[in-house]
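One structure below.
Just so you know, these numbers use all the heavy atoms, side chains as well, and skip hydrogens, waters and symmetry mates. All chains are named by letter (A, B, ...) in the order of the sequence lines, taking the proteins before the strands, and each is independently numbered beginning at 1.
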Amino acid sequence: MASIRGIVAARRRGSRREEGRKWALPASVMSAPIRPPQFTSHRRLLEQKLSELHKCSDPRFLLQIHSQIFRLCLHRDQFVAPKLVAAYSLCRRPFAAAAAFDLVHFPNSLLFNTLIRAFANNSLPSLSFLAFSRMQRSDIPADSYTYSFLLKSFSGHLRLVEIIHAHILKLGFLPDIFVPNSLLDSYSKAGETGLGASCKVFEEMPLRDVVSWNTMVAALVRAGQLKNARQMFDEMPRRDIVTWNIMLDGHAKAGELDEGFDLFHQMPERNVVSWSTVISGFCLRGDMETARMLFDKMPVKNLVTWTIMASGYAKRGFFKEASALLDKMEETRLNPDSTAIVSILTACSESGLLGLGKRMHATAKKLKLIGTMQINNSLVDLYSKCGEVEEAWSIFKKMKVRDLVSWNSMIQGLAMNGHGGRALKLFSRMKDEGVAPDAVTFIGVLCACTHMGFVDDARTFFSSMEKDYGVLPEIEHYGCLVDLLGRRGILTEAYELAKTMPFEANAIIWGSLLNACRVHGDVGMAEKVVCELTIAEALDAGNYAIVSNIYASARRWDGMAEARLKMKDSGEERPSGASWIELDDSVHEFTAGYRLHPQTDRILKMLDRLGNHLKQLGCLAESC
DNA sequence: ATAGGGTTAG
């Protein structure tokens, strides 16, 4: 397909450079030789392909057909060019779409709209806007399509959506149902205020179609207002399969699987999305058996279904099942896309399935999906969470583009693997590179301080959050600080902070303070914390266990006995803590309080030896 | 224009 002579010829012939060309043509497109349109029979052959072109989502097929278009010199054709742009957009190649756009000398509204949509659908909002302003400058009239695509680009940005809204009102595009429907969706993704605006638009709409209703139901589901969503669902004049799927998902995500399953059975028809949504609900609940039963039963599966099932297994640490499923998926010759890879990698990092994560890393390499930021971000997270910080670091180091998430993941990764100093250094490098930290960044930074025992630095960072970066401390940040003070034995100040902070301290915070009391043997403070935990109704068996421990260390047998009794009384059987490690392709499980592992005796003996060794070295085996 | 899988957070 590619020929050097062709490239040279194309360069010579096309030496007249278009004004204002912004985007470079990809090499693969340039390699298609240009010939005058002499093969009319080819044209007819192409016609069928062309009519399907805008729906083409296979990049290889698209390249092939683009080459033919090029040879026939059809790429500037006013009917062909928009289809090319749309197809590249569908294949997630927005820059190739832009290049195809750029070859047209006099783009019309349709072509501009298609380009704006290409950027909107590939999350490049600023380029969407750039295309729009180019359109304005070239005096190409914007129409209702233009505005609905722009709205999609700016979806979730209240201010921008308001501006577009004003334009729409001024230009009178509201009667076209596509426009207010886009408005509904874009507003509804802009937080609480946006949802309010969305409702207002909805109420003022003289005509509503199913999509308008669906968008509102979806908005309410997203906002967690399930009751309202359900009410709207019940009141709707007409429902289509999308409506049912939205409501199904709402129930599934809220953990109301009984209602969801009822809905699933009531639906007049079911498609892949309906099945996948219920399966996802069962995975969320951890009922992998039902999920699998439905998975095997459903008539048609697609990539999303496979991804839900595989990451469901991985999230629960089911290494064997997840691997087997991925093997089966490979047999069906279905390749994961970057979303699938990210999804499974994330599941692996949550459950610590390093082996499976490595397999997905290899798959990503094989499918040439490795360069994307999202995948790199989840790899950094995977390796950090699984204790392989240096691997995470080498991936982070090699990344050409990094976003806030990349920095946050790496800072967090270093911090939790005991490299607090490196984490703080990375934080200052992040600032040097002009990346603004957010609330998550400071969780990592404070976590780094905790690992290093840097009380003063933590205080400084904490107070600079709002002052220097405009990041409001959330309850988690106070929690970090309480935890750090507690670990360092500054119990009174930790307690005072927990009492006086602008949030009601929760069970996690009091729990961490209680544990600090145990470590530092402060019975008095422990009793105060127990009071708080009682008020918060958060005294569970785990906390009683700590209390009993504290009394035991202080030789207060009465207190210990009482705590033991309450521990038994509190009754509710908490699932005991467990951990897994992978060793030579098998997973070893350890459960607190049970001697499940066949080599428990040897392991405990070794732990004992290590503990003694640590004590001799002056490290407190029981601390932190 | 609306629906299912996605990166950081004790």
Side-chain angles (χ1 to χ4, degrees), chain A residues 117 120 144-145 147-149 151-152 155 176-186 188 209-219 221-222 240-250 252-253 271-281 283-284 301-312 315 336-347 349 372-382 384-385 402-413 416 437-444 446-447 450 474-480 482-483 506-509 511-512 515:
Chain A
R117 182 174 57 176
S144 51
Y145 287 93
Y147 284 99
S148 44
F149 300 149
L151 280 170
K152 182 160 196 193
S155 151
D176 185 346
I177 191 82
F178 273 68
V179 174
N181 281 352
S182 308
L183 259 181
L184 290 179
D185 190 51
S186 299
S188 76
D209 65 359
V210 201
V211 176
S212 329
W213 286 90
N214 287 351
T215 308
M216 287 317 291
V217 177
V221 164
R222 213 179 302 120
D240 63 3
I241 191 162
V242 177
T243 327
W244 286 90
N245 286 342
I246 292 169
M247 207 56 236
L248 190 57
D249 187 47
K253 290 240 163 73
N271 61 11
V272 206
V273 178
S274 330
W275 286 90
S276 305
T277 306
V278 238
I279 290 175
S280 153
C283 287
L284 217 62
K301 306 180 227 313
N302 63 13
L303 178 56
V304 177
T305 327
W306 286 92
T307 310
I308 291 169
M309 200 63 224
S311 55
K315 207 160 270 190
D337 61 4
S338 69
T339 306
I341 304 257
V342 169
S343 168
I344 298 167
L345 282 176
T346 308
S349 90
T372 74
M373 190 171 56
Q374 289 90 335
I375 286 187
N376 282 330
N377 285 352
S378 36
L379 282 172
V380 167
D381 180 52
L382 170 82
S384 303
K385 292 260 171 68
R402 301 185 187 107
D403 68 353
L404 187 57
V405 175
S406 327
W407 290 96
N408 286 354
S409 308
M410 197 63 241
I411 290 172
Q412 180 79 32
M416 68 187 172
D438 70 349
V440 180
T441 319
F442 282 101
I443 299 281
L446 292 174
C447 176
T450 303
E474 291 159 14
I475 185 164
E476 287 84 1
H477 300 98
Y478 283 96
C480 285
V482 172
D483 186 48
N506 55 27
I508 296 169
I509 294 178
S512 89
N515 202 38

**Prompt:** Which part of the nucleic acid, if any, lies within reach of A:Ile443 when heavy atoms closer than 4.0 Å are counted: base, sugar-phosphate only, or nothing?
**Reply:** sugar-phosphate
**Request:** Figure out the CH2/C1' separation between A:Trp306 and B:dG5, and round it to whole Å.
**Result:** 14 Å
**Fill in**
Looking only at B:dA3, B:dA1, B:dG10, the nucleotide nearest the A:Glu476 side chain is B:dG10
**Prompt:** Starting at CE of A:Met416 and ending at P of B:dA9, how long is that distance when rounded to a whole Å?
**Reply:** 7 Å
**Distance in angstrom units between A:Met247 CE and B:dT2 C1', rounded** = 15 Å
**Request:** Taking only the side-chain heavy atoms of A:Val304 (C-beta and beyond), determine which of B:dG5, B:dA1, B:dT7 contains the nearest atom.
**Result:** B:dG5
**Message:** Mind checking if A:Thr339 touches a base, just sugar-phosphate, or nothing, with heavy atoms under 4.0 Å?
**Reply:** base
**Request:** Could you tell me which residues satisfy side chain to side chain contact (heavy atoms under 4.5 Å, CB included) with A:Asp403, sequence neighbours excluded, listed by chain and number?
**Result:** A:Met373, A:Asn377, A:Val405, A:Ser406
**Request:** Could you label the plane-to-plane angle of the A:Phe178 and A:Tyr145 rings as parallel, tilted or perpendicular, counting under 30° as parallel and over 60° as perpendicular?
**Result:** tilted
**Request:** May I ask you to say what A:Ser311 touches in the nucleic acid, namely base, sugar-phosphate or nothing, with a heavy-atom cut-off under 4.0 Å?
**Result:** nothing
**Prompt:** So, for A:Ser148 and A:Ser182, which heavy atoms are closest and what is the spacing to 0.1 Å?
**Reply:** CB-OG, 3.0 Å
**Message:** Categorize A:Asp337 for me: base, sugar-phosphate, or nothing, with a 4.0 angstrom heavy-atom threshold over every strand shown.
**Reply:** base
**Prompt:** Does any donor-acceptor pair link the side chain of A:Asn214 with the base of B:dA1 at a separation under 3.5 Å?
**Reply:** no
**Message:** With a 4.0 Å limit, can you tell me whether A:Lys253 has a side-chain N or O closer than that to the phosphate oxygens OP1/OP2 of B:dG5?
**Reply:** yes
**Message:** What is the distance, to the nearest angstrom, from the CG atom on A:Leu379 to the P atom on B:dG6?
**Reply:** 17 Å
**Prompt:** If you check the A:Ile246 side chain, which of B:dA1, B:dA3, B:dG5 turns out closest?
**Reply:** B:dA3
**Message:** So for A:Thr277 and B:dG4, does any side-chain atom that can act as donor or acceptor lie under 3.5 Å from a complementary atom in the base?
**Reply:** no
**Prompt:** For B:dA9, does either OP1 or OP2 sit under 4.0 Å from a side-chain N or O belonging to A:Lys385?
**Reply:** yes
**Prompt:** What is the distance from CG of A:Leu404 to C1' of B:dA9, rounded to the nearest Å?
**Reply:** 12 Å
**Asked** A:Cys480 has a side chain; which of B:dT7, B:dG10, B:dG4 sits nearest to it?
**Response** B:dG10
**Prompt:** Heavy atoms under 4.0 Å, any strand shown: does A:Leu303 hit a base, just sugar-phosphate, or nothing?
**Reply:** base
**Prompt:** Touch check for A:Thr215, heavy atoms < 4.0 angstrom, all strands: base, sugar-phosphate only, or nothing?
**Reply:** sugar-phosphate
**Asked** With a non-hydrogen cut-off below 4.0 angstrom, is A:Thr441 in contact with a base, only sugar-phosphate, or nothing?
**Response** nothing
**Item:** Minimum heavy-atom distance A:Pro336-A:Leu303, with the two atoms named
**Value:** CA-CD1, 3.8 Å
**Prompt:** For A:Val272, which contact category applies under a 4.0 Å heavy-atom criterion: base, sugar-phosphate, or nothing?
**Reply:** base
**Item:** For atom OH of A:Tyr147 and atom P of B:dA1, their distance in whole Å
**Value:** 17 Å
**Request:** Tell me which nucleotide among B:dG4, B:dT2, B:dG6 gets nearest to the side chain of A:Ser276.
**Result:** B:dG4
**Message:** Categorize A:Asn302 for me: base, sugar-phosphate, or nothing, with a 4.0 angstrom heavy-atom threshold over every strand shown.
**Reply:** base
**Request:** Go through B:dA9, B:dA3, B:dA1 for me and flag the one nearest to the A:Val440 side chain.
**Result:** B:dA9
**Message:** Between A:Asn515 and A:Asp483, do the side chains contain a donor N or O and an acceptor N or O under 3.5 Å apart?
**Reply:** no
**Message:** Can you confirm whether the side chains of A:Asp209 and A:Ser212 place a donor and an acceptor under 3.5 Å from each other?
**Reply:** yes
**Asked** Could you give the CG-to-P distance, from A:Asp438 to B:dT7, as a whole number of Å?
**Response** 15 Å
**Message:** Under 4.0 Å, counting only non-hydrogen atoms across every strand here, what does A:Ser409 touch: a base, just sugar-phosphate, or nothing?
**Reply:** sugar-phosphate
**Asked** Using a cut-off of 4.0 Å on non-hydrogen atoms, how would the nucleic acid contact of A:Lys301 be classed: base, sugar-phosphate, or nothing?
**Response** nothing
**Request:** Report the distance from atom CE of A:Met309 to atom P of B:dG4, rounded to the nearest whole Å.
**Result:** 19 Å
**Request:** Give one of base, sugar-phosphate or nothing for A:Gln412, where a contact means two heavy atoms less than 4.0 Å apart.
**Result:** sugar-phosphate
**Request:** May I ask you to say what A:Asp483 touches in the nucleic acid, namely base, sugar-phosphate or nothing, with a heavy-atom cut-off under 4.0 Å?
**Result:** nothing
**Request:** Measure from the side chain of A:Ser182, starting at C-beta and using heavy atoms only, and say which of B:dA1, B:dT2, B:dT7 lies closest.
**Result:** B:dA1
**Complete:** A:Asp185 meets the salt bridge (charged side-chain N to carboxylate O under 4.0 Å, His left out) criterion, sequence neighbours left out, with A:Lys189, A:Arg222
**Prompt:** How would you label the contact of A:Asn271 with the nucleic acid (heavy atoms, under 4.0 Å): base, sugar-phosphate, or nothing?
**Reply:** base
**Fill in**
Of the listed B:dT7, B:dT2, B:dG4, the closest approach to the A:Val405 side chain comes from B:dT7
**Message:** So which atom in A:Asn245 and which in A:Ser274 form the shortest heavy-atom distance, rounded to 0.1 Å?
**Reply:** OD1-OG, 2.8 Å
